[in-house]
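Quick notes on the structure that follows.
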Amino acid sequence: MRNLNTHFKKRFAVLIVAMITLFGMSFTSFAEPATLTGGKTTGGAGTAITDGVAISKEIIFINDETTNVREPNIIYEYTVSKASPATDTTITQGTEVVNVKAGVLDANTNADHKATVTFSDSERSEATASGTADTKTFTLTFDPSVYTEAGIYRYKVTESLASSKTKDDVGIVAADTYTTTRYLDVYVEEATGGRQIYGYVLYDGAETDSLTRDSVKSNGWVNTSTGTTPANVDVYTTHNVVVKKTITGAMANKNHRFPFAIEISQTGVDGSTKIDVSTTGAFPTTGGPTELSNEYYITGDGTPTKATLNVLLSNDTEAVISGIPGTATVVVTETNDTTLKYKVSATKKVGTADAEEALSQTAVDAGGTAKVNLSSVNITAKTEIAYTNNMNAPSPTGIILHFWPFILISLLAIVLLVMSFRKKRA
């Protein structure tokens, strides 16, 4: 009986192992595409890379203050074509020297031989004074069975824009030495059952360049600077604008919320562009910002190149608009919606410079406006615009002082009259 039980248990165990193996084979494991490190990736000779190669696209985000800013709306497109290396173009590693072949375009399996990278204002990136990189990747895939023989095949990868907006439109500036072309070498070897890809090398140079182990490689369109100035990369510089409000004077209502229209103008700022707004004691008005996670953003006012924040500011309140492209300008307009006349003045402070007059004190009637127009100057640093509304109480002695000259004249007339009567009696 024990032998039968033992025999049954062994058969049952074999059955379980077989079922696990069968079901395990029914699931497919998908690996991540190989990521370039130091401009190259390799599975090593005899080890296939089956999921393509991930290439980086980087934008450096700069702002005077460490803050999260919305990304610019732009789509990059990367087109793969076959390069034409010279007949003497080689790859040298130690004593191994291999000639480079022109890429086989049909081996690239990307649709239309293209890939895209999208930056969108639906996402935010950290920006700092020294610059912080936001890196996205795109993947290029190749079918090793298309190659008719082993070898190193060179491709040209060219960057362009798939969006209707240019870099200038959205405030992106390409750093010095920026190039739109990279070259990708695909390493193909013979393997059991056919050919396989075992390595990729990407570099920034000419299609006829011969490479060695010490040649400079590239991870993509990334910052190549070792200093503080970005190189060979796109840079997105933004600044913050702060509008502050102070109300002074004994007869002024410090709790009154004065309407402000803060107008941002720039080609890349339109009805589809979000710009973040945070407020301290301020009240966004209907039709202005849209509430989003206890923050606000403005999305334009219907014109192609303008976005306007409508906000109510009372004493000691402010509105901060963050992440404005450096190519933008600003106009701030306050409306006096009271029935009283206020004296309004304003200063502006750009970066670390001292505050200077932006609007000399002006009496603004009920329904009137007071405007700080900076539309002729780009926002080149953090800008603070401080409004002051003043209404002093008139002195109670003002009425007496007002009539005092007439009283003096009247008294003088009485004195003269009395003196004239005295002379007649004499």
Side-chain angles (χ1 to χ4, degrees), residues 32-45 47 49 52-62 76-103 108 115 117 130-142 151-160 167 172-189 197-236:
E32 291 292 326
T35 300
L36 293 166
T37 301
K40 62 183 180 179
T41 182
T42 176
T47 303
I49 299 174
V53 59
I55 299 175
S56 297
K57 169 61 186 180
E58 192 171 84
I59 293 180
I60 303 298
F61 285 80
I62 297 177
Y76 295 90
E77 185 173 77
Y78 299 88
T79 302
V80 179
S81 58
K82 63 179 183 179
S84 299
T87 55
D88 59 350
T89 299
T90 59
I91 302 296
T92 302
Q93 185 169 342
T95 58
E96 302 290 337
V97 180
V98 179
N99 285 91
V100 180
K101 307 174 186 289
N108 174 249
V117 168
S130 59
T132 301
D134 183 5
T135 306
K136 300 182 186 293
T137 61
F138 63 94
T139 301
L140 299 180
T141 53
F142 298 84
I152 300 174
Y153 295 85
R154 181 162 293 178
Y155 294 86
K156 181 179 181 180
V157 185
T158 305
E159 180 187 83
S160 59
K167 293 181 183 182
I172 289 175
V173 176
D176 293 341
T177 72
Y178 192 89
T179 56
T180 59
T181 301
R182 301 288 184 274
Y183 292 94
L184 179 66
D185 288 344
V186 180
Y187 287 62
V188 180
E189 66 179 356
I197 296 171
Y198 70 95
Y200 295 96
V201 171
L202 186 74
Y203 71 94
D204 179 10
E207 60 188 334
T208 58
D209 285 352
S210 293
L211 304 182
T212 68
R213 178 190 293 273
D214 297 327
S215 298
V216 177
K217 316 300 191 308
S218 172
N219 284 339
W221 281 260
V222 298
N223 185 16
T224 58
S225 172
T226 57
T228 57
T229 302
N232 210 13
V233 68
D234 279 334
V235 179
Y236 185 56

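Computed over heavy atoms, backbone and side chain alike; hydrogens, waters and symmetry mates excluded.
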So which atom in A83 and which in A102 form the shortest heavy-atom distance, rounded to 0.1 Å? O-CB, 3.2 Å
Worked check of side chain to side chain contact (heavy atoms under 4.5 Å, CB included) between L202 and Y183: CA-CA 6 Å; L202 186 74; Y183 292 94; 5.9 Å; no
Side chain to side chain, Y187 and I49, heavy atoms closer than 4.5 Å: no
The side-chain contact (heavy atoms from CB on, under 4.5 Å) partners of T139 (sequence neighbours excluded) come to P33, A54, T141
side-chain hydrogen bond (donor to acceptor under 3.5 Å, both in side chains) partners for N108, two or more places apart: N110, H113
Out of the candidates L36, V117, N219, T35, only one should pair with I55 under the side-chain contact (heavy atoms from CB on, under 4.5 Å) rule; please name it. L36
Identify the heavy atoms of Y203 and V216 that sit nearest to each other, and give their distance. CB-O, 3.9 Å
Between NZ of K57 and OG1 of T135, what distance do you get to the nearest 0.5 Å? 10.0 Å
Going through the checks in order, is the side chain to side chain contact (heavy atoms under 4.5 Å, CB included) test met by W221 and Y76? CA-CA 11 Å; W221 281 260; Y76 295 90; over 6 Å; no
Does NZ or CZ of K167 lie under 6.0 Å from the centre of the six-membered ring of Y178, at an angle within 45° of the ring axis? yes
Not counting sequence neighbours, which residues clear side-chain hydrogen bond (donor to acceptor under 3.5 Å, both in side chains) with K82? List them please. none
By side-chain contact (heavy atoms from CB on, under 4.5 Å), which residues pair with E189, not counting sequence neighbours? A45, Q196, Y198
Apply ring-ring contact (aromatic ring centres under 6.0 Å, His included) to the pair Y153 and F142, showing each step before the final yes or no. CA-CA 11 Å; Y153 295 85; F142 298 84; 10.0 Å; no
Identify every side-chain donor-acceptor pair in residues 86-97 under 3.5 Å, counting partners at least two apart or on other chains, and give the distances.
| residue | atom | partner | partner atom | Å |
| --- | --- | --- | --- | --- |
| T89 | OG1 | A86 | N | 3.0 |
| T89 | OG1 | A86 | O | 3.3 |
| T89 | OG1 | T208 | O | 3.1 |

Any residue meeting salt bridge (Lys or Arg N to Asp or Glu O under 4.0 Å) with D134, in chain and number order, not counting sequence neighbours: none
Smallest heavy-atom separation, A231 atom then N223 atom, equals N-OD1, 2.9 Å
Over all heavy atoms of both residues, which pair between S210 and S215 is shortest? Give the atoms and the distance, please. O-OG, 4.2 Å
With sequence neighbours left out, which residue pairs that include part of residues 205-216 fulfil the salt bridge (Lys or Arg N to Asp or Glu O under 4.0 Å) condition? none
Check the surroundings of atom CG in D176: do more than 12 heavy atoms from other residues, nucleotides or ligands lie under 6.0 Å from it? no
At their closest point, which heavy atom of S56 faces which heavy atom of V222, and how far apart are they? CB-CG1, 3.7 Å
side-chain hydrogen bond (donor to acceptor under 3.5 Å, both in side chains) involving K101 - partner list, sequence neighbours excluded: E149
Residues which pass side-chain contact (heavy atoms from CB on, under 4.5 Å) with V173, listed by chain and number, not counting sequence neighbours: none
Ignoring hydrogens and angles, tell me if any N or O in the side chain of E58 forms a donor-acceptor pair with the backbone of A133 under 3.5 Å. no
Give a yes or no on whether the backbone of V157 and the side-chain of R182 come within a donor-acceptor separation of less than 3.5 Å. no
side-chain hydrogen bond (donor to acceptor under 3.5 Å, both in side chains) filter on D204, not counting sequence neighbours, yields T179, N232
The test is side chain to side chain contact (heavy atoms under 4.5 Å, CB included); show your working for R154 and L211 and say whether it passes. CA-CA 12 Å; R154 181 162 293 178; L211 304 182; 4.1 Å; yes
What residues, two or more places apart in sequence or in another chain, satisfy ring pair (Phe, Tyr, Trp, His ring centres under 6.0 Å) together with F138? Y78
Taking salt bridge (Lys or Arg N to Asp or Glu O under 4.0 Å) as the definition, give me every residue that meets it alongside K217, ordered by chain and number, with sequence neighbours left out. none
